[in-house]
Amino acid sequence: MAVVEINNVFKSYHDTEVEVKAINGVTLSFEKGDFAVIVGPSGSGKTTLLNLVGGLDQPTGGEILIAGHRLSELKPSELIDFRMDHVGFVFQSYNLIPVLTAAENVGFIMNLQKWPKEKRMTRTNELLTSVGLADRHKSRPSQLSGGQQQRIAVARALATHPEFILADEPTANLDSKSAESLLDIMEKLNHEEGMTFIFSTHDVRVMKRAHRVITLEDGKIVSDDVRK
Amino acid sequence: MITAIAWKNVWRNKTRSLIVIAAVTIGVFAGIFSMAAINSSVVQRIDAAVNEELAHIQVNNKEFRSSADIQNIIRDYPGVVSALESTPGVTKVTGRIIVRGIATTATKSSGVEITGIDVGKEKEMFTLSKKLIPGTGSFFETNTKFNTVFIGEKLAKELNIIRYILTPEALTSLKEKGIPPEIVSKIEVLQGQRFTSDKKFVKAYEKLLAPGEIQKYGWKIREAAWSYREGSKIILSFLDINNNQTGAAFRVCGIFRTNNDMFESLSLFVPIDELRQLTGMEEGSFHRVIARLENNDITNSMTPKIREKLPDYEVLNWKEIQPDLAMITDFINQIYAVFMVLILAALAFGIVNTMLMAVLERTRELGMLMAIGMNRRKIFIMIMLESIFLSIVGGFAGMAVSEAAISITGKTGINLMKYSEGMEAMGYSAHLFPTIDVQFFITTTILIVLTGIVSAIYPARKALKLNPVEALRGE
Ligand SMILES: Nc1ncnc2c1ncn2[C@@H]1O[C@H](COP(=O)(O)OP(=O)(O)OP(=O)(O)O)[C@@H](O)[C@H]1O
Ligand SMILES: [Mg+2]
């Protein structure tokens with residue numbers, strides 16, 4: 001069964017006089033273990049598509065299923081819990097809570113889900129180690145580099161064993177070295193734990209390392225290359 | 001966890017939070033402290049009224065107050081006394097004779113209310129005996145001589161019993177009190193001169209001193225020159241029980257100083273037996289019975305009970321006798337309300353403003369929190385808590401500062417001698433000892449917290465309205 005199924009999805013905005021068709025009939029599915037990237041020119045609908053898949057936004061047409069659940073059937077309050085359980089998010093920036101330490105940020109969702117302290121600590125340490133930042137657990141986000149902050153965000157996204165991780169331009173604000181090391185970590189998690197990653201990006205470095213490249217243009221898929 | 005994050009968020013922008021907190025602190029302090037000062041003058045005034053002038057409860061013949069006829073006596077004095085004494089809450093009871101008359105000296109005369117009192121009992125019941133200016137006599141000592149009278153300083157001045165003389169001793173005592181020698185030498189020319197009123201004396205020394213010096217030392221100079229000859233004679237004349245003019249010479253055997261000019265210039269006290277003899281009233285007859293209660297708080301509830309027991313008499317409590325005094329308490333509460341509204345409005349304004357700024361600044365972060373799983377209720381609570389923390393920290397700092405200021409000035413007092421004349425003419429002390437009830441503190445605290453909560457709602461709702469998708473795009 002596919003992790004994500006997108007069936008003929010539309011999303012249009014009527015904010016202005018003209019209707020903007022941000023997503024215009026997309027059908028797509030992601031399998032467990034995918035390391036996929038969505039590319040396309042600015043305004044092609046990458047962010048919109050990721051938001052729809054992550055349940056942050058509702059499509060104006062079509063259907064999205066995650067691990068067999070129809071998102072449209074969930075009430076708004078259920079959707080929040082569903083997101084916490086099934087989807088990990090990594091954004092371009094403002095990922096972390098500035099007043100909390102790295103470890104507290106990683107533990108944040110587990111905390112919201114009321115995990116017992118022992119279990120939370122163990123998982124936090126495990127995750128910090130796997131993103132290579134065990135020694136920085138006490139640092140505040142402002143004391144970490146951009147790349148390190150993104151790695152903490154990845155660790156937090158992984159905390160509750162989600163179905164997949166959505167990352168909207170995760171390397172956009174990073175220098176090459178940080179971007180490479182972030183990709184190394186994600187690749188490793190993909191390899192070793194079979195974690196599914198779906199990115200959007202403008203970044204060729206990300207494109208080169210993806211196993212699948214989906215190209216969007218004007219809200220439509222123009223190509224979907226699998227290369228393994 | 002939300003609580004911890006909210007608390008940490010308060011300190012994210014330290015300067016901004018501290019400014020709001022400081023503003024709240026100052027507001028709360030200004031409000032509470034000025035209330036304490038005003039309150040103190042009222043508390044002192046009421047204490048004085050109850051302890052020196054009126055007692056808690058007065059019982060009169062029903063006609064007595066409308067026509068102060070000497071005949072309007074309390075018919076059954078022992079009955080009234082036992083009715084009062086048997087009422088729980090009543091502590092002390094005594095009777096008085098009251099006649100209107102004229103006090104005359106060689107140069108002046110003045111209308112007065114002459115009260116005959118049981119000297120020993122009144123000394124126990126009232127603090128007026130403590131208002132006797134030291135060295136002016138021994139009215140309250142037992143076995144004092146016959147025909148003694150206890151009068152107010154104001155009346156003594158009106159009757160020219162008090163003089164102002166700068167004796168050599170007075171000048172030395174001024175120097176000892178730390179008045180600069182050059183000031184003392186400036187007024188030395190007045191030495192030995194006799195001034196029959198303080199106005200004349202003030203005029204004389206004001207010619208010699210600079211305005212600043214007058215303001216600073218005038219009061220001490222007047223104190224030093226104040227003098228009176230013990231046993232000065234005054235003639236009291238009044239009508240006796242048969243409406244015949246009568247009277248006698250009395251010796252001033254004590255001068256009292258209160259903060260109430262009216263009381264000081266109208267009331268004088270003589271031993272009851274002498275007054276009874278002079279008026280020809282029967283043994284055991286009284287015009288008024290006064291009673292003290294355990295404390296002032298039970299005055300309102302006790303009055304109707306006593307009234308029920310004494311239907312043939314007029315029973316009044318001090319609030320009914322001096323409604324203006326009771327009103328002032330209400331008035332104070334109204335001032336408090338106005339003060340609090342102003343303080344709280346400023347508080348609310350500051351918090352709404354600060355929190356709106358905080359929400360606006362953190363749009364993306366709030367969007368992220370919503371996206372990763374923080375629900376709206378938690379976001380709402382977080383913003384509410386931040387506002388409440390701000391107001392509570394400010395509120396408590398304000399109260400701590402107020403408490404400290406009140407406990408310091410409550411001991412040392414705040415001296416408003418500059419304005420003393422106006423205030424004392426109305427019966428208010430110019431020396432304030434700020435006090436405040438615990439009740440007042442609790443009310444204020446609750447109001448501040450409530451304001452914090454109420455003013456948090458708007459910014460918190462603003463945060464709720466954020467749509468995570470748009471917030472993350474960031475405009
Ligand atoms: N809230 C909105 N109201 C109206 N139009 C919107 C809104 N959000 C997005 N759009 C439009 O939808 C289209 C797709 O936007 P989207 O952000 O998904 O593009 P993108 O591929 O992520 O671009 P970029 O590479 O610049 O991030 C754009 O034309 C955008 O202007
Ligand atoms: Mg985008």
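Quick caveat, the model's predicted, so the values are computed rather than measured. No hydrogens, no waters, no symmetry mates; every other heavy atom, side chains included, goes into these values. Chain identifiers are assigned alphabetically (A, B, ...) following the order of the sequence lines, protein sequences preceding nucleic acid strands; residue numbering begins at 1 within each chain.
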Side chain / backbone / both / neither for [X] at chain B, heavy atoms under 4.5 Å:
| X | answer |
| --- | --- |
| A/Ser93 | side chain |
| A/Leu56 | both |
| A/Leu100 | side chain |
| A/Glu104 | side chain |

query: Is there side-chain contact between B/Leu356 and B/Lys462, with heavy atoms separated by less than 4.5 Å?
result: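 Sidechains of B/Lys462 and B/Leu356: in contact.
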
message: Please verify the inter-ring angle class for A/Phe199 with A/Phe35; under 30° counts as parallel, over 60° as perpendicular, anything in between as tilted.
response: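 Perpendicular.
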
statement: Per salt bridge (Lys or Arg N to Asp or Glu O under 4.0 Å), A/Arg70 is matched among A/Glu78, A/Glu5, A/Glu63 by A/Glu63

message: Heavy-atom cut-off 4.5 Å, strictly under: side chain, backbone, both or neither for B/Met370 against chain A?
response: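 Interface part for B/Met370: backbone (N, CA, C, O).
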
field: B/Ile351 backbone acceptor or donor facing B/Ser387 side chain under 3.5 Å
entry: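 Not confirmed, B/Ser387 side chain does not pair with B/Ile351 backbone.
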
task: Mind ranking A/Asp57, A/Asp85, A/Leu79 by heavy-atom pairs under 4.5 Å with chain B and telling me who comes out on top?
output: A/Asp57

task: For B/Tyr458, look at atom OH and say whether over 12 heavy atoms of other residues, nucleotides or ligands are found less than 6.0 Å away.
output: no

